[in-house]
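Some notes on the structure that comes next.
So that the names make sense, note that chain A is the first sequence line, chain B the second, and so on, each numbered from 1. FYI, side chains are in, hydrogens and waters are out, and symmetry mates aren't considered; it's all heavy atoms of this structure.
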Amino acid sequence: MPRAYDVKAVERKWQMRWLDERDYEVDVDDRRPRYYVLCMYPYPSGPAHQGHVRNYTFGDLIVRHRTMNGFAVLSPIGFDSFGLPAENAAMATGVHPRTFTDQRIRELKESLISIGAVYDWRREIRSHDPAYIKWNQVIFNRFLEAGLAYRAKAPVNWCPGCQTVLANEQVLADGTCERSGDVVEHRDLEQWFLRITRYAEELLGGLDDLDWPARVKTMQRNWIGRSEGAEFELEVLGDTSRADKRVVKVFTTRPDTSFGMTYVVLAPEHPLVDELTTPDQAAVVAELRARAARASEIERTANEGELAKRGAFTGSLARNPFNGQPVPIWIADYVLMGYGTGAIMAVPAEDERDWDFAAVHGLPVVRTTQPPEGFSGGAWTGDGVKINSAFLDGLPLAEAKDRAIAWIEEQGIGRRTVNYRLRDWLVSRQRYWGCPIPVVYCAACGIVPVPDDDLPVLLPDDVELRPTGESPLARHEAFRSTPCPRCGGDARRESDTMDTFVDSSWYFLRFCDPWAQDRPFDPEIAARWMPVDQYIGGVEHAILHLMYARFFTRALGDVGIAPEGLREPFQRLFTQGMIRLGGSKMSKSKGNLVAPSRYVDDVGADALRLYHLFVGPPADDVDWSRQTDEVIEGCGRFLDRVWRLAVGQEGQPSAKAHASADGRPPAAGQPPTGELRPADLAQRRATHRLIAKVTEDFARWSYNTAVAACMAFVNELARYAHDPHGGRPDVLDEALDALLLCMAPMTPHVTAELWEARHPGEKVHAQAWPVADADLARSERSTLVVQVNGKVRDRVDVDPGIGEDEALRIALASERVVAELAGRQPARLIAKPPRLVNIVV
RNA sequence: GCCCGGGUGGCGGAACGGCAGACGCGACGGACUCAAAAUCCGUUGUCCGCAAGGGCGUGCGGGUUCGAAUCCCGCCCCGGGCACCA
């Protein structure tokens, strides 16, 4: 499509200037107020995709807009450069992950520059840089000292596709790996964990004050999954020969239903199972345990119809402490070892899972809550007065719960407790391309951290990458064998690397002070920039990254690395919608990308940015369709109109049409003076309404309507410019300057070029954000809508300052209204001047 | 099953409880041109009507209100998240 200007040359020119002139490099001692804008740093997967363009367009817009508003805006960028794709590619092609990654970073960096995004590039971080690895490892050491990092054997999620363990957060609800889609298996392995659960309560409470999308907060609350209840012990019956009493400890959120306990269930992995299983039940118990151990999450949850196969009686009985009754002890795979105590009291009358299980196995049901009249279902889980419950009888749920807990505590058999669904974060990965976990195993000294002075532990380059389920580092003798830092004896290095979410859990802090040589960052400098004022990213990180980063910020504060008072890293969060093509998310892994470079080369970065802003509300998903190309071309067409309007008929950018007496163009922002004809005044009003509208829309992330306002303004302005009663140069200048300023954050290249042409030596992005003249922005005339019985019958042009009486007088005088009323008397008159009058008959 | 979003022209989408459909895409008509492209101007929810004008319209059914796309209740559909967490 032929264009009004040389888009490529103009865009390239400004991209180079922004890099050369370093306008977006800021330092912490800048005298302007500080503002920290951050887009989630990208995994370098090659040239940017549309999701990146969308994300970084929003970020760049805010950076430029805030800068024009007088802030020192910190706008850093980096690359989340460790991760599986590079390693998988290495196995497929033989290219080393480092070479592969560096190449991908070059490509991505080039595309970020090509869409006109500006950053303080001095601060660039790459997670695979030795400096970043070093501080990652130092942080790990501090966590180890503080008991926040620990090694434990645990049932873990194993992904056969990725050949590594996964964090709970990386396993989808259907039991598959979020990355590869493979069915995740269970394995018992010794692994490194970070103690995020220590912060469960704080992570939950901290959400309240965050300016985040409600949806994301809810997802985090659900993930943390706080539940209040009680733990108590049940005595195991039988085997009177033993001296010590054996007990089973259960957790329940419904201690008020304890009198309805008709059996007890242990998780198949529960340590007491062997001891409690009687010889005649041994075979069936063993079979169930074997099956549960082998079963993946997906199998374990997918066979609801086979409940009979999912539980087995141990042969032992326990005593319900509330009523002294013996109840059978079962094992069943619907009870999980990892939650609570791994054992439950089963109350089929008030729990649906217990009800279903009891029904299959013929276990008794005792109601302890009076269901509402007419209730005919199975378990009743709602409120109701207690029955069959001795001292709790007659009490409603909440009160009965408190009384039951008090009783448990009086008896000394248990206590009130809070449980969380949140588990500790498993960070070991049996892969090469990640940050090595800096510990050494010594036969004599045990687990020994690598001393800070010996860090970083770097990855050796000469590894053999093979998918064996073991880190390639384990087979690298020079890496693996090392003297013990403590005793000097033979020892072996940890060969696992860290989950890459560790890298992204503190990069935003490093950005504040990426030059720090003796620590990850200066906490005082971090304290001055943090928290991030505006964080922007995809909603797919609602749980994983955002939860980990919140945990790290707190934990780093508690070990003295981050500022102590800093608890929350991201004050405001914006999550953009995703890009879809043909109904599914556009992504590299799905292979349905539509490359942005195609548009940048064709219609230009400004047009593509404008499209992303214009297409709809930023939070909404975007469907990439056949129509999209045409809309993007429309955006380019609009920029052409702006260009032609700004340069006049000559085709070349010209200085302002209107020069003052000394021949120099007047400074921007000088309002036109002297007599104004009605058309001139109308244009000035439109100009100031535009400023007010765009300012307001930017504040509420309503970029699509801001763009629409600019388009409508250009339509009007073109009309005015060609109007024989309009076209006054100073009025045009005011209008064009306002338009360029308003558009500068959205389409930076074309506005920079036009501004420079009109104001030689000036940069549009260095200008102050325009301020609307409130008197002019207020509309001069208003349309009074006259309704009869709520139906619009007439519209009258009125003064906006009109009063109620005047509005009614005008309305009742309307010919159309008189005709409609046909002599009927109004029963009621509603006047909302200057917008509306409603006459009810 | 539970918890969030969301259903408005041919399409993307506008609309503090007060003119539904701003702005754009597409379509149609016109100007310019030998012609095309580009550009410019106009029309474009739907039905009735030559017109003036009127009826109907924001997923469906109720309700609140002088007035509902907007608020409330009950459904339907789409998207997302969670789902043996006791």
Side-chain angles (χ1 to χ4, degrees), chain A residues 1-4 172-174 213-219 221-223 225-227 229 250-254 257 265 267 297 300-301 304 307 310 332-336 338-347 350-354 356-357 419-423 539-540 542-543 577-578 580 583 610-611 614-617 619-623 625-635 637-638 640-641 644 702 704-715 718-719 722 783-792 794-795 816 826-832 835-841:
Chain A
M1 145 176 151
R3 296 294 296 265
L172 302 180
D174 64 357
R215 182 165 58 124
V216 175
K217 292 209 243 185
T218 306
M219 283 165 70
R221 284 195 192 100
N222 291 342
W223 190 262
R226 182 184 199 275
S227 52
V250 297
F251 170 74
T252 179
T253 55
R254 293 289 305 275
T257 65
V265 188
E297 199 75 30
R300 199 158 155 168
T301 57
E304 292 188 11
L307 266 178
R310 301 179 52 204
D333 66 4
Y334 77 92
V335 174
L336 308 174
Y339 185 77
T341 60
I344 62 157
M345 66 169 199
V347 184
E350 277 97 29
D351 183 287
E352 281 164 17
R353 295 154 304 183
D354 296 344
D356 293 342
F357 190 81
N419 257 300
Y420 300 92
R421 211 187 78 112
L422 183 71
R423 306 294 156 78
V539 73
E540 64 272 21
I543 294 177
M578 62 181 185
R580 288 185 309 211
L610 198 63
Y611 167 77
F614 182 56
V615 68
D620 288 6
D621 289 347
V622 178
D623 278 305
S625 68
R626 266 168 290 119
Q627 194 191 225
T628 299
D629 285 9
E630 286 159 350
V631 178
I632 294 174
E633 277 178 25
C635 289
R637 226 162 16 233
F638 166 68
D640 284 343
R641 291 194 79 191
R644 281 192 296 265
S702 185
N704 53 332
T705 54
V707 174
C710 291
M711 290 174 167
F713 180 77
V714 167
N715 292 341
R719 215 162 287 142
H722 301 120
T783 303
L784 180 77
V785 172
V786 185
Q787 299 180 333
V788 176
N789 289 335
K791 284 187 194 293
V792 179
D794 203 3
R795 298 186 175 92
R816 302 277 325 282
R828 195 165 162 191
L829 297 168
I830 290 117
K832 300 277 171 185
R835 317 264 315 250
L836 179 126
V837 166
N838 190 9
I839 298 161
V840 185
V841 295

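A side-chain donor-acceptor contact under 3.5 Å links A:Asp640 to the backbone of A:Ala4.
Rounded to whole Å, atom P of B:rC25 lies 11 Å from atom CZ of A:Phe638. Distance NZ (A:Lys791) to P (B:rA20): 10 Å, rounded to an integer number of Å. Per the geometry, NE2 belonging to A:His722 stands 9 Å off P belonging to B:rC41, to the nearest Å. The separation between A:Asp794 atom CG and B:rG53 atom P is 10 Å, rounded to whole Å. Taking atom CZ of A:Arg3 as the reference point, atom C1' of B:rU39 lies 14 Å away to the nearest angstrom. When rounded to the nearest whole Å, the span between CE of A:Met578 and P of B:rG5 equals 18 Å. For A:Ile543 and B:rG80, the CD1 to P distance is 15 Å, given to the nearest whole Å. Going from atom CG of A:Asn222 over to atom P of B:rC2 covers 15 Å, rounded to whole Å.
Taking the O4'-C1'-N9-C4 or O4'-C1'-N1-C2 dihedral as appropriate, B:rG9 has a value within 90° of 0 and is therefore syn.
With a 3.5 Å ceiling on both atom-pair distances, B:rU58 lacks any Watson-Crick or G-U wobble partner. Judged by Watson-Crick or G-U wobble contacts below 3.5 Å, the nucleotide B:rC32 has no partner. Here B:rG1 sits opposite B:rC82 as a Watson-Crick or G-U wobble pair (both hydrogen-bonding atom distances under 3.5 Å). Base pairing annotation: B:rG26 forms a Watson-Crick or G-U wobble pair with B:rU44, both donor-acceptor distances under 3.5 Å. B:rC16 is unpaired under the criterion used here, namely a Watson-Crick or G-U wobble arrangement in which both key atom distances are under 3.5 Å.
A:Arg816 places none of its side-chain heavy atoms less than 4.5 Å from the side chain of A:Val788. Here the side chains of A:Asp621 and A:Asp623 are not in contact, with every heavy-atom distance at 4.5 Å or above. Looking at heavy atoms from C-beta onward, A:Tyr611 lies in side-chain contact with A:Val622 at the 4.5 angstrom threshold. At least one side-chain heavy atom of A:Tyr334 sits under 4.5 Å from a side-chain heavy atom of A:Asp354.
Along RNA chain B, the nucleotide closest to A:Met219 and the one closest to A:Ala343 are compared, and the more 5′ of them pairs with A:Met219.
Using P as the reference atom, B:rG45 and B:rG9 are 13 Å apart when rounded to the nearest Å. Across the C1' atoms, B:rU70 and B:rU64 are found 13 Å apart, a figure rounded to whole Å. Nucleotides B:rG74 and B:rC4 have their P atoms positioned 13 Å apart, rounded to a whole Å. Annotation: B:rG59 and B:rC23 have their P atoms spaced 22 Å apart (nearest Å).
Phosphate proximity of B:rA38 to A:Arg637: absent, as no side-chain N or O sits under 4.0 Å from OP1 or OP2. In terms of phosphate contacts, A:Thr218 brings no side-chain nitrogen or oxygen within less than 4.0 Å of OP1 or OP2 of B:rC82. In this model, the phosphate group of B:rC40 is approached by a side-chain N or O of A:Arg641 to a distance below 4.0 Å at OP1 or OP2.
With no hydrogens or angles considered, no side-chain donor-acceptor pair links A:Arg421 and A:Asn222 at under 3.5 Å.
Counting any heavy atom pair closer than 4.0 Å across all strands shown, A:Asp354 reaches no nucleic acid atom. Within the nucleic acid shown, A:Arg816 comes within 4.0 Å of sugar-phosphate atoms alone, with no base atom in reach, counting heavy atoms only. The residue A:Arg221 sits apart from the nucleic acid: no heavy atom pair falls under 4.0 Å.
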Produce the list of close N/O pairs, under 3.5 Å, pairing protein atoms with atoms of nucleotides 61-68 of chain B; give distances to one decimal.
| from | atom 1 | to | atom 2 | distance (Å) |
| --- | --- | --- | --- | --- |
| B:rC66 | OP1 | A:Arg828 | NH1 | 2.7 |
| B:rC66 | O2' | A:Asn838 | ND2 | 3.4 |
| B:rC66 | O2 | A:Asn838 | ND2 | 2.5 |

5' to 3', nucleotides 11-16 of chain B under a 4.0 Å protein heavy-atom cut-off (B base, S sugar-phosphate only, - none) gives BBSSS-
